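Working notes, structure below.
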Amino acid sequence: MRVSVVFLLLCSSLAWGRSIPPTPFGLENKQSLPDSRTIGAYLTTLDTLSTRAKRVTLGTSAGGRPIQALLLSASPSFLRDFAGEPDKPTVMMLGSQHGNEPSGAEALQQLARELVTGEHSELLRRLNLVLVVLANPDGRDLSSRHNANDDNTNIDYVALQAGETRLLVEALHRFDPDVVFDAHESGIWKRVLTREQGWMTDVEAQFDMGNNPNIDGALRHYTEATLLPALIARVSAAGLAAVRYRGEITSLEQAVSRGGLGITNLRNYAAMQGRVSILVENRLDNKSGTYATPRNIAERVRKQHLSMLTMLQLVADDAEPLLAVSRPARRQWQSAGADGRTLWMGVNFGTNREQPEVMLPLARFVDGYKEEHRFRNRDAIVTREPVTLAAAYAVTRERERMARWLTRHHIAFETVAEPRHLTADRLEITGVRPQSKIRPGVREKLQAEVAVKRVAVTLRRGDVLVPMDQPLAPLAALMLDPRSANALYQEEDWNWLQPGEFPVFPVVEY
Ligand SMILES: [Zn+2]
């Protein structure tokens, strides 16, 4: 009896496996990339053929193309209601948010196929997955980094200008992942470093994390001290030279640091929401090389797939400590500061005094000769302007517009129904100056000089109060406070930083 049951199970799983067609990219012998419609059709096929897969449409791109997620789970309740489970991390993975970095979307389809055919079977027992296979379908079809409106959605997480960013923020809210993994590729050919100086960077996989110092202290510490080093070690052990991301290296003379600290990108935004957030930059080979497939795409997809699979295995193995930091961080943020309520309005990189220089591998363009080069190391994170999280923020200008923006972020607020007296810190902007640019191409920021004065104020009917006793409070404060390096007012359409009394301010007591 037992033997026949096993035999039947074996037969059914073989038949099941055989009935799942290869990915479109695999079918084309990895010589050409499928368009967004073909990828969408493949996700529908997986949904139809497997009880463990469900395709969900998240919304539509600027160019009118559907953006889809493929849910993979052994739990029917997750597929039906998107309900997370107490002992299983929910992991969201995004591919090809930049349209000219196609490997992510292909690696995710391959991974999805393997999982529904029963490979890596422990992963679906231990994880619930949300794969946003092709996060930027316009970019894929138009061979562009951006969407059809030329928005770079990856720096839009504060303003939420682009529909794509808004629907991904909606997806974060709906699926509430413990882990967000954002897959990118980095070109190794640079104008100065390569054309003028003759070198290319020589790494296969670079990983970074949500590294803004205002991220929940325990979550950030776990990611920095445990998860990220383990991921780099495992990917390296699997044969792919992996290092921590040092930012873009464009010339021999520059200093290196880490990926940016701003919450305008998904990596830091998701971490500020209390999620473990990891980014991979796999190597995007040079156009002029000779490869078995166009621009080495088969090999690039292999590297991205290996990075993703290793990440999932690590999260499954480390589920318990990971959940022990991610779930509390989403219920109640605790600052890394001693009081648990400190936010740093100013954050930037500074010289790492313990390790002022680092050696990084480069390859010479003409002959591929490899050499370690010395770079100044500015990866220390400097915090300025500590502020204790207020009781609330009051908004007294463009209140309806601000309410719509808060709703998009899922930040709770209250509209004042009748005049209300309270104690607040009035913020008087005494000067605005451009912050010194880190390097060309990085967007210009303004630094507001602010005088703070405790006063009694009366809010009018229709003013907006954003309470700071909610899980998204630190994220809201960093976007609302004009002193913050990541304030909303750094964004193009919110140009509010001018001398005078500022219309958004912290409330001490209400
Ligand atoms: Zn990218």
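Both ligands and their constituent atoms are indexed starting at 1 by order of listing. Side chains are part of it too, since the values below use all heavy atoms of this structure and drop only hydrogens, waters and symmetry mates. It should be emphasised that the depicted structure is a prediction, and the values quoted were computed from it without experimental measurement.
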**Message:** For the Zn ion (ligand 1), which protein N/O/S atoms fall under 2.8 Å? Skip waters.
**Reply:** H98 ND1, E101 OE1, E101 OE2, H184 ND1
**Request:** Please report the C-alpha distance between L111 and L312 in whole Å, then the side-chain angles of each, then the deciding distance to 0.1 Å, and finally whether the side-chain contact (heavy atoms from CB on, under 4.5 Å) criterion is met.
**Result:** CA-CA 10 Å; L111 197 57; L312 290 181; 3.8 Å; yes
**Summary of ring pair (Phe, Tyr, Trp, His ring centres under 6.0 Å) pairs that have at least one residue in residues 231-279, sequence neighbours excluded** = Y157-Y269, Y269-H409
**Prompt:** Is P34 close to R140 at the side-chain level, that is, under 4.5 Å between some pair of heavy atoms?
**Reply:** yes
**Item:** Lys/Arg-Asp/Glu bridge criterion (N-O < 4.0 Å) met for R220, E224
**Value:** yes
**Asked** In terms of the angle between their ring planes, are F181 and F207 parallel, tilted or perpendicular, with boundaries placed at 30° and 60°?
**Response** tilted
**Name of the residue among R258, R246, R244 meeting salt bridge (charged side-chain N to carboxylate O under 4.0 Å, His left out) with D208** = R244
